[in-house]
Asker: 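Take a look at the following structure, please.
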Amino acid sequence: MSDLFQPLPDQPPSPEAALSTVPVLLPLALDEAFSYRKPEPMSLPAGTVVAVPLGTREAVGVVWDEEASPAPSGSLKSILHPMDAPPLSDKLRRFIDWVSRYTLAPKGMVLRMALNKPEAERVERPRLAVRLAGSQPKRLTPARQKVLAIAASGLAYAKQALAEEAGVSTSVIDGLIDEGTLETLVLAADPVALPPDPDHHKPVLSPDQQSAADQLQKKVQAKSFSVSLLEGVTGSGKTEVYFEAVAEALKQGQQILILVPEIALTALFLDRFARRFGTRPAEWHSNLAGRKRERVYAALASGEARVVAGARSALFLPYSNLGLIIVDEEHEGAYKQEDGVHYHARDMAVVRGKIEDASVILASATPSLESRVNAAQGRYTHLLLPDRYGGSAMPHIEAIDMRQQQPDKGFWLSPPLVHAMQETLERGEQCLLYLNRRGYAPLTLCRGCGHRMQCPNCSAWLVEHRHRRALMCHHCGHLERMPDTCPSCQASDKLAPCGPGVERLAEEMATLFPDKRCLVLSSDMPGGMERLQRELQEIASGQCDIIIGTQLVAKGHHFPQLSLVGVVDGDLGLVSGDPRAAERSFQVLQQVSGRAGREKTNGRALIQTYQPDHPVIKALLSGDATQFYTAEQAMRQQAGLPPFGRLAALIVTSPDRKQAEEMARRLARLAEPPPEVVVLGPAEAPIAKLRNRYRFRLLVKTSRQFDIQTWIRSWLARMPKNNGQLRITVDIDPYSFF
Ligand code: ADP
Ligand code: ZN
Ligand code: ZN
C-alpha cells in the first residue's frame, strides 16, 4: 500500500482535506460562498472576517455557514489569515441571507453593505506615542537635551509632535527609544460616543404622550420582537415619546438604532438627542470620514457605542446587542434604496428587529398605507398622539384656484399668496415657500426654433442652475456650461427658461420683498451640509424672513416663528404612473403644511393648484386624513396593489436600444405566468434612456400570498446567459416607476 504514503500529484482531495475547507462569502455580485482550504492551526468559526486569494489579488470575505462550491479557477486555495475585524454575528448573517433572498440581490452584494470596507487593508493603525522611560542616554547632545526637556513632563507625545516641538528630526527620538530613554505606548482612541444618560433631561409628558411612552417602554422591557406604529400630528411630540423608549432600552443595557431619512438633518437630530441624553449618539451615513467610520463600526460591534443615529445603511451594522430600532418618518420614500441592492429600509428594519428579538417603532405624522394596514390587521400596535403639544392649533389649509388667480407674467405666486405673505411679514413672522424643484428652471427652450436643451445621456431635460451658470441633468449628474447661442439654430438671446425652480422663486422674492431676508434650502446648494445646518439654525432663531425649500423642508423641522406655508405647485406629483402618487402627494403636502404655526401663532397653509377638486387636495382641505386613507385603501385593495398584492419591476437595459427591446420581449415570452401572476409590458420606460442605456420595463403583479421571489428566480433562469451589455434589474416592491 505504498500509495498511501506517496501521494500522487493529481490526487483528488482526501476526506480530511474536504473536511478542512470552509465556505467564504465574498462581497461581490455572487450568490454563493466559495470553498477555501482552512490552514490547520486556524480556528475559523462562521462569521470570521478573512483574507483570501481571489485570482491574482487578495480579497476580504466572511466565513459563511452553507455548503460552498469551489472557486471558479478549479484549484482549492487556502485562506490567508483572519482579519483584525469584528466577526459577523449569527443574527447579522441570517439578516444578510434574508435580505438577499427577498430582494433577489446577490448575497455578496448584501454582505458588502455589512462590511465597513471590503478591501484588504481594513486594520486601523494604532496611534503610537512616546514618553520618558527612565534610563539615562549614553550621550547627551543638544538635540537630545531639547527632547528630554519637553518629555520631562512625563506626558505621552505623538512622535512627530514631540520632534516638532523640540525642533529636531524624528531620528533623534528613535535614537532615544533605542537606548531605552523613551518608550513607546499605544494610545487608546477617543470614545466614539459617550454613554447617554437616560435621566439627563426628562421632559414632563402630557397624558397622551405618557400613555404612548408607557406602552413603548413595556415593549422594550419585554425584550422580544414587536412593532409599534407611533402616529402623531406634526408637533405632537413623537420624538419626545420615542426618546422614552430609548431611555428604557438604555436602562436595559440594549443598543438602539435610530434611522432618519435625510443625512442633512442628522446633525440637528444629534443635538436634540444630546439635550435629552447629555451626549450625542454615534452617527452613521455615507459622508462619515473613513477613520471615524471604522471606529463607529468597531464600537457597535464591541457594544461600547450604545446608540447610533443614521441613514438606512446603518441597518447592516454589526450590533452586539440590538434591542430597539426606531424608524423616524417611516413613510419617507428616501428609505427605499434604488441602486445596487434594492431594499426598503423600513421593511428591512422590521425584519432585522424580528431576527434580533428587538422592539421596532415606526414614527410618522402621515404613516404609509402599508403600515396603517399592518396596524389595522393587528400585526403592529397603533399608538396615537392626536394633538399638538402645548395646545397650538393645526394650521388652517386653503387652496388657491390658479385658474382664477393668475400670477403676473413671469411670476409664480398668485395675488392671494403674495397678500398673505405681506401680512405675515408685517407681523414679523416667517413664511415658507415649498417647491420640489431644484435649480432655476426645469427647462430651457429656444424661442427661435423650439429646441429644448436635453441631456446627452438621458431622455430628460437639463435643469438650469443659475448660481453655477450651468445646465445640469438631475438623473445622471451631467453638467454643461449654459450656451450663449442656441445649439440648433445658433440664434443668440433666444434661449429662455421655462417654469420655476427654487432659485427662480428667490429672484421673485427679491423683487417683491427687497428688504426681507430670503434663504433657499436645497440639498444641492454650494457649501454642503455645514452650510445647510447653519442655515437651519438661522431660520430657527428667526434671522431670516422667507424660506424657499424643496422636499428637504418638509421633514422634521421645528421653526417657532413660521406661520405661513405657501405650496407653489400643489399639482406637482399628482399625476404619474406610480400607484402611490396620490398617497405620497398627500403626505408631503400634509407635512409641509404642518410646518406652519408650531407654536402659539395660528398657522396657515395656502396651496396653489389648477385642480382644486382633486381628491388629494380636497382631503387636505377637509383635514380628514382618515377618509382619504379609507378611499385610497379601498382603491388599492380593489386593484390588487400593495399592500394587498405584490409588485416587482424588471428593468431591461442596454446601450443598444434594439437589444434592450428584443430582450425585454423575449423575457416576457419566457414568463409563462401561473394564474395568480400578471406580467405587464414590456413598455419603454418613461425615462427611456438613462446614463446612455435604453430602458424597457416589465411589471409583475401577484397576490399577497404568492412567493414572487422564487417564481422570478426561476423565470430569470430561463433567460440565456452572457448577453453582453444587457442588464436586467429586479426591483421587488418598487417605489419608482420612471
Ligand atoms: P413631532 O416629532 O411629533 O413633530 P416633536 O417631538 O418635534 O414633535 O415636538 C414638537 C415640539 O414640542 C418640540 O420642540 C418638542 O421639544 C416640544 N415638546 C413636545 N413634547 C414636549 C413635552 N412633553 N415637554 C416639553 N416640550 C415638548
Ligand atoms: Zn434655436
Ligand atoms: Zn442625464
Side-chain angles (χ1 to χ4, degrees), residues 201-213 230-246 258 260-261 265 268-269 271-273 275-276 326-330 361-367 383-392 394-395 444-463 471-480 483-496 540 554-562 590-600 603 687-693 695 738:
H201 186 85
K202 200 170 145 33
V204 181
L205 299 182
S206 72
D208 279 342
Q209 291 177 336
Q210 191 62 54
S211 130
L230 177 60
E231 176 180 1
V233 296
T234 45
S236 58
K238 289 182 293 298
T239 315
E240 303 294 344
V241 168
Y242 73 61
F243 275 171
E244 293 311 296
V246 172
I258 306 173
V260 288
L265 304 179
L268 288 177
F269 181 83
D271 286 340
R272 180 155 183 198
F273 185 95
R275 286 198 291 281
R276 171 65 182 82
I326 293 162
V327 184
D328 200 6
E329 312 276 5
E330 68 90 36
I361 301 173
L362 311 178
S364 172
T366 52
L383 302 173
L384 270 173
L385 299 174
D387 302 312
R388 281 187 159 180
Y389 174 76
S392 48
M394 290 304 286
T444 303
L445 178 86
C446 172
R447 273 176 299 169
C449 71
H451 178 78
R452 292 159 180 226
M453 298 298 292
Q454 247 208 348
C455 176
N457 314 319
C458 309
S459 44
W461 295 334
L462 290 172
V463 178
L471 291 168
M472 190 179 171
C473 173
H474 285 180
H475 297 282
C476 72
H478 167 87
L479 200 67
E480 62 186 61
D484 302 320
T485 56
C486 169
S488 172
C489 73
Q490 273 74 44
S492 54
D493 300 330
K494 288 270 195 260
L495 289 176
K555 294 166 201 164
H557 301 293
H558 184 68
F559 300 139
Q561 293 161 64
L562 179 68
Q590 178 108 327
Q591 293 266 347
V592 170
S593 306
R595 301 299 124 208
R598 300 252 298 197
E599 268 164 37
K600 301 292 171 212
I687 295 191
K689 188 172 80 162
L690 186 64
R691 295 188 182 88
N692 284 317
R693 299 181 68 88
R695 311 169 72 240
F738 61 81

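Note that ligands are numbered from 1 as they come in the structure, with each ligand's atoms numbered from 1 the same way. Everything numeric here is computed off the predicted structure, so don't read it as measured data.
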Asker: Give the atoms of ligand 1, by number and element, whose distance to some non-hydrogen atom of Val204 is under 4.0 Å.
Answerer: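 By the 4.0 Å cutoff, the relevant atoms are 22 (C), 23 (N), 24 (N).
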Asker: Would you say Pro203 has any N or O atom under 3.5 Å from an N or O of ligand 1, going by distance alone?
Answerer: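 The answer is no, given that Pro203 and ligand 1 share no N or O pair closer than 3.5 Å.
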Asker: Kindly assign one of parallel, tilted or perpendicular to the pair Phe243 and Phe273, based on the angle between their ring planes and the thresholds 30° and 60°.
Answerer: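 Because their plane-to-plane angle is over 60°, the rings of Phe243 and Phe273 count as perpendicular.
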Asker: Does ligand 1 come near enough to Ser206 that some N or O of the ligand is less than 3.5 Å from an N or O of the residue?
Answerer: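 For ligand 1, there is no N or O atom that lies under 3.5 Å from one belonging to Ser206.
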Asker: What do you reckon, does Gly237 have a nitrogen or oxygen under 3.5 Å from a nitrogen or oxygen of ligand 1?
Answerer: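 The answer is yes, given that Gly237 and ligand 1 share an N or O pair closer than 3.5 Å.
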Asker: State, to the nearest 10 degrees, the angle whose vertex is the Zn ion (ligand 2) and whose arms point to SG of Cys486 and SG of Cys449.
Answerer: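 Rounded to 10°, it measures 110°.
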Asker: Can you find a non-hydrogen atom of Gly232 under 4.0 Å from ligand 1?
Answerer: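 Outside the 4.0 Å threshold, so no.
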Asker: When you draw lines from the Zn ion (ligand 3) to SG of Cys455 and to SG of Cys473, what angle lies between them, to the nearest 10°?
Answerer: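 Between SG of Cys455 and SG of Cys473, the angle at the Zn ion (ligand 3) is about 110°.
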Asker: Within the stated cut-off of 2.8 Å, is an N/O/S atom of His475 closer than that to the Zn ion (ligand 3)?
Answerer: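 His475 does not place any N, O or S atom closer than 2.8 Å to the Zn ion (ligand 3).
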Asker: I need the single residue from Leu385, Asp208, Leu383 that forms a side-chain contact (heavy atoms from CB on, under 4.5 Å) with Val241. Which is it?
Answerer: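 Between Val241 and the candidates, side-chain contact (heavy atoms from CB on, under 4.5 Å) is satisfied uniquely by Leu385.
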Asker: Considering distance alone, does some N or O of Thr239 sit under 3.5 Å from an N or O of ligand 1?
Answerer: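 Among all N and O atoms of Thr239, at least one is under 3.5 Å from an N or O of ligand 1.
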Asker: Going by the atom numbers of ligand 1, which of them fall below 4.0 Å from some non-hydrogen atom of Thr234?
Answerer: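 Listed by number with element, the hits are 4 (O).
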Asker: Look at Glu244 together with Lys202 and state whether they make a salt bridge at an N to O cut-off of under 4.0 Å.
Answerer: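 Here Glu244 pairs with Lys202 in a salt bridge, since their nearest N and O are under 4.0 Å apart.
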Asker: Taking only non-hydrogen atoms of Arg272, do any sit less than 4.0 angstrom from ligand 1?
Answerer: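 True for this residue.
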Asker: What atoms of ligand 1 come closer than 4.0 angstrom to any heavy atom of Leu205?
Answerer: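 Answer for ligand 1: 23 (N).
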Asker: Any chance you could measure Ile258, atom CD1, to Phe269, atom CZ, to the nearest 0.5 Å?
Answerer: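 Taking CD1 in Ile258 and CZ in Phe269, the distance rounds to 4.0 Å.
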Asker: May I ask whether Val233 has any heavy atom positioned less than 4.0 angstrom from an atom of ligand 1?
Answerer: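 True for this residue.
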